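Read the structure below first, then the notes.
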Protein chains: 2
Amino acid sequence: MSLPRAKLVKNFPGCPVEATLSYLDGKWKGVILFHLMEGTLRFNELRRKLPAVTQRMLTKQLRELEEAGLLSRAVFPVVPPRVEYAMTPLGMTLKPVIRALAAWGDDYVFCSPEGRELRMASDGLCAPVATLQT
Amino acid sequence: MSLPRAKLVKNFPGCPVEATLSYLDGKWKGVILFHLMEGTLRFNELRRKLPAVTQRMLTKQLRELEEAGLLSRAVFPVVPPRVEYAMTPLGMTLKPVIRALAAWGDDYVFCSPEGRELRMASDGLCAPVATLQT
DNA sequence: TTTTACAGTATCCTTTTAGGTACTACGTAC
DNA sequence: GTACGTAGTACCTAAAAGGATACTGTAAAA
């Protein structure tokens, strides 16, 4: 059994956690949904919000989210082209999930140029700010 | 830039959603955490709860979760070996997130032997139960 | 007249993830 | 004396994800 997570879900139908994760899987889906929570965005607007994504990857992730029914793609037949991405009503239902993910990330994940680290808020909440480089 | 999601987080430090997802990434982490939410489990107990995982994969996912500090591994020097996995206090903080993921999966993801599908609860909530095979 | 913006495709290549199988050690049960 | 359960490790291969680069077409701006 050598299947990608999305196709494997049927093999653990008892786990709604994995079922949900399978839709958020893909490197940029989280950020994309995060940004679209605040409203419609055009392709290049999204691109500018994601520092390092390539066109290919952004297109791919957007298509997958669209295919799942989580967001809509509206093409305006003008030139230069105008394509708008927005959350569908189904996508909106993900907002509490995204917010839970964001809240936890804000509280416990600490990113630095060297990588990321997990820490309880109590592990020295008072000091570390002073140790940041100016 | 060709890095796994976990190592790439430093490139979008502004996105706590991806930061969190990077810790849940890996095909079995979601299920593992889901089961450990209810209490300590031994290696083979976990294995029996996951229908298709191989020893190699389970070990790998557990090690990654342990390294992140989300769960603990207690080895009892007896024979046959006894190793217990449990959530750490830090891991416990993930419970609301796991619950949000599980709730959304329960409400919107529908799994069948053919795959999985996303649907709003309103899309015919009354009928489909009758269409299930007995 | 060349450049820019837009929203992508197409092609190729590398990295990462996941799975398969076999093997370990020890003690107990059959 | 053979098999079983425990908790793994080692080695190899397949598949999927991700990335680099180049290319498309039109209209307006420089």
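Just so it is clear, the structure is predicted and the values come from calculations on it, not from any experiment. Residue numbers start from 1 in every chain, and the chains themselves are labelled A, B, ... in the order their sequence lines are given, proteins ahead of strands.
Considering only side-chain N and O atoms, B/Trp28 lies nowhere under 4.0 angstrom from the phosphate OP1 or OP2 of C/dT17. Contact annotation: B/Arg63 reaches the phosphate of D/dT9 (side-chain N/O to OP1 or OP2, under 4.0 Å). Proximity of B/Arg48 to the phosphate of D/dG5: no side-chain N or O atom is located under 4.0 Å from OP1 or OP2. Put simply, B/Arg73 has a side-chain N or O that comes within less than 4.0 Å of OP1 or OP2 on D/dG8.
Rounded to whole angstrom, the span from the CD atom of B/Glu18 across to the P atom of D/dA17 amounts to 15 Å. The distance between atom CZ of B/Arg82 and atom C1' of C/dC26, rounded to the nearest whole Å, is 17 Å. Between the P atom of D/dA17 and the CG atom of A/Leu21 lies a distance of 15 Å, rounded to the nearest Å. For the pair A/Lys29 NZ and D/dA16 P, the interatomic distance rounds to 14 Å; values are reported in whole Å. The NZ-C1' distance, from A/Lys60 to C/dA10, rounds to 14 Å in whole Å. Whole-Å rounding puts the B/Lys27 NZ to C/dT16 C1' distance at 13 Å. Atom CG in B/Leu58 sits roughly 16 Å away from atom C1' in C/dT17 (whole-Å rounding). To the nearest angstrom, P of C/dG8 lies 15 Å from CE of A/Met57.
Side-chain contact check for B/Leu50 versus B/His35: some heavy-atom pair is nearer than 4.5 Å. Side-chain contact between A/Val53 and A/Val31 is absent, with no heavy-atom pair separated by less than 4.5 Å. When side chains are defined from C-beta on, B/Thr59 does not count as touching B/Leu62, because their heavy atoms never get closer than 4.5 Å. For the pair A/Val17 and B/Leu33, the minimum side-chain heavy-atom distance is 4.5 Å or more.
To the nearest 0.5 Å, the span separating CH2 on A/Trp104 from CG on B/Leu94 amounts to 4.0 Å. Distance check, rounded to the nearest 0.5 Å: CE of B/Met120 to OG1 of A/Thr93 gives 6.0 Å. Note that the CZ atom of B/Arg47 and the CD1 atom of B/Ile32 stand 12.5 Å from one another [nearest 0.5 Å]. The distance from atom CZ of B/Arg73 to atom CG of B/Leu65, rounded to the nearest 0.5 Å, is 13.0 Å. Once rounded to the nearest 0.5 Å, the distance linking NZ of A/Lys49 with CG of A/Asn44 reads 13.0 Å. Taking CG of A/Leu58 as the start and NZ of A/Lys27 as the end, the distance is 12.5 Å to the nearest 0.5 Å.
For A/Gln61, the listed nucleotide lying nearest its side chain is D/dG18; candidates were C/dG8, C/dG19, D/dG18.
At its two ends the helix from C/dT1-D/dA30 to C/dC30-D/dG1 runs along axes set 20° apart, each axis drawn from five pairs and the angle rounded to 10°.
A/Glu84 comes within contact range of no nucleotide atom at all, as no heavy-atom separation falls under 4.0 Å. At a threshold of 4.0 angstrom between heavy atoms, the contacts of B/Phe76 with the nucleic acid are absent.
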Identify all pairs in which a protein N or O lies below 3.5 Å from an N or O of nucleotides 21-30 of chain D, and state each distance.
none

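Both tests hold for A/Arg116 against B/Tyr23: distance to the six-membered ring centre under 6.0 Å, angle to the ring axis within 45°.
Mapping B/Val75 and A/Glu64 onto DNA chain D by nearest heavy atom places B/Val75 closer to the 5' end of the strand.
Ring geometry for B/Tyr85 against B/Phe43 counts as tilted: the plane angle lies between 30° and 60°, on a 0 to 90° scale.
Shown for residues 36-47 of chain A: residues whose heavy atoms fall under 4.0 angstrom of DNA chain C, namely A/Arg42, A/Phe43, A/Asn44.
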